[in-house]
Amino acid sequence: MFRRYQVSEGIVIRRRSLPSGDVVATILSQGGKWRGVARKGTIPGGNLGRLSLFHDVTVQSYRRHEQDLAVLTQVQLNGALPNLSRPEIYPLANLLAELADALTVDVHLGERIYQYLASGLRGLNRSSDPERVAIVFCWRLLQVAGFAPRVRRCLHCGAGPPLPHFDIVGGGLSCDACRAGLPIPAETGDDLRILLSEPVRIGLDRPLSERAIHLNLLRRYCGYHVAELRSLPASALAPGGARAADV
Amino acid sequence: MKYPSALVNLIRELGRLPGIGPKSAQRLAFHLFNQPQEEVLRLARSIEEAVSGLSRCLNCFNVMSSDQGVCSVCDDTGRDRKTLCVIEQPADLLAIERSGEYRGLYHVLHGSLSPMNGVGPDQLTIESLLERLSGIGEVILATSTTVEGEATAMYLGKLLAERGVSASRIAYGLPVGGDLEYADEVTLGRAISHRRPL
Ligand SMILES: [Zn+2]
Ligand SMILES: [Zn+2]
């Protein structure tokens, strides 16, 4: 049912200031993605100024007609994540938000994407190894959106591990006999299997030691199956981060 | 009925302006059409003059008239040339000038870091900032207090530290005349961590 006033919780995944002083925010909620405008949202100190990028907010919004852009009238910030601005974390927060945005183009996947993005951003805020958090949550986001690569058996012949090749186009691992795709270290194949089948905390305990390979696989996989992610080269160049070397 | 192509073009160009949707663009186009021709042509001329007559200061990237060598701030010999204040937009320069608290020079970044929008260090004037550092005693990072502005300041802070240049971040405070209980937790948290002795 259409309601003129609505209160909802969500994460600000994009935020754009207009010359008028208004702010247009894209918010990912449990029910899906939507956009709203905060009139004069750029004024510091006002409650609309709390519409911080990557933050979980509760907003009251108003629409006169169902197809109108929602006008945000009240914003409450649900916990600050101050570390997301740090140079080694900011590009990774961009990456998770951009991926979540790309995965919700015209579908209402809602709840699970929202929850993984929220956990991922909170994880980035407190982790001593934000790059690992980003890799784990990128694959999880892809998975809940139905884009997970097949990693348990060879994509082409069904053989079990070892599966030392990653077939980007086919969307999964392949065995040594089929040899489809990029060769990857055995450890990276194990990482992917665990990241995509075990609970998140087990993935987060893996060292994911081949970072450049992980980031490069993510970049190529997303580029082919979802969208070119503009934050991905940047995240691979974050100070202290591994470069996305070619596998 | 189809609109004449001149009108369609006008609506399309107006619609490219930030914050102007298709409906507003159409309203503006009809508004312009209904104005006395002389007034509309004056607007068109001032747009043309601004485009050809304005450029960026080669020193600080502030806006200036194209016939100047450097902007009026850089040209002012009475200013403190050992202090640089880094800001996102020329409009921020005007705001700081109005405060009357600053007498140094500026550096306009023309944006803030935003990897998901393709804005990295190379899209801002960071390289030129690093080339301006000789003889500079302090760089004040006055990018906005949004997550994006904060990330840009922290990134620059790291680059400046690597070069041994002293950098400071504008203080976060509570708005004058506000009640603590209405302050958001980010502002309040920063105000507490950056408190100063009385
Ligand atoms: Zn096979
Ligand atoms: Zn100048």
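A, B, ... follow the sequence lines: proteins, then strands. Residue 1 opens every chain. Values below: every heavy atom of this structure, side chains too, minus hydrogens, waters and symmetry copies.
- Taking a 6.0 Å sphere around CD of B:Gln37, one finds it holds 12 or fewer heavy atoms contributed by other residues, nucleotides or ligands.
- Inspection of non-hydrogen atoms places B:Thr146, B:Val147, B:Glu148 of residues 138-149 of chain B under 4.5 Å from chain A.
- For CD of B:Glu39, the number of neighbouring non-hydrogen atoms (other residues, nucleotides, ligands) closer than 6.0 Å is greater than 12.
- Applying the side chain to side chain contact (heavy atoms under 4.5 Å, CB included) test between B:Pro18 and each of A:Ser17, A:Pro19, A:Ser20 identifies A:Pro19 as the sole match.
- For B:Arg79, the salt bridge (Lys or Arg N to Asp or Glu O under 4.0 Å) partners two or more places apart in sequence, or in a different chain, are B:Glu97.
- A:Arg16 CZ: 12 or fewer foreign heavy atoms inside a 6.0 Å radius.
- Using a 4.5 Å cut-off between non-hydrogen atoms, the part of residues 53-61 of chain A that approaches chain B consists of A:Leu53, A:Phe54, A:His55.
- Here the shortest heavy-atom pairing between A:Tyr90 and B:Ser114 reads OH-CA, 3.9 Å.
- Side chains of A:Ile13 and B:Met116 form no contact here, defined as non-hydrogen atoms less than 4.5 Å apart.
- When each of A:Leu18, A:Thr42, A:Leu77 is checked for heavy-atom pairs under 4.5 Å with chain B, A:Leu77 comes out on top.
- The CG atom of A:Asn83 lies 7.5 Å from the CE atom of B:Met154; values are rounded to the nearest 0.5 Å.
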Could you pull out every donor-acceptor pair under 3.5 Å between side chains of residues 43-53 of chain B and any protein atom, sequence neighbours left out?
| unit_1 | atom_1 | unit_2 | atom_2 | d |
| --- | --- | --- | --- | --- |
| B:Arg45 | NH2 | B:Glu38 | OE2 | 3.2 |
| B:Ser46 | OG | B:Arg42 | O | 3.4 |
| B:Ser46 | OG | B:Leu43 | O | 2.9 |
| B:Ser52 | OG | B:Glu48 | O | 3.0 |

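- In the displayed structure, A:Arg35 atom CZ is contacted under 6.0 Å by at most 12 heavy atoms of other residues, nucleotides or ligands.
- For B:Leu17, no part lies under 4.5 angstrom from a heavy atom of chain A.
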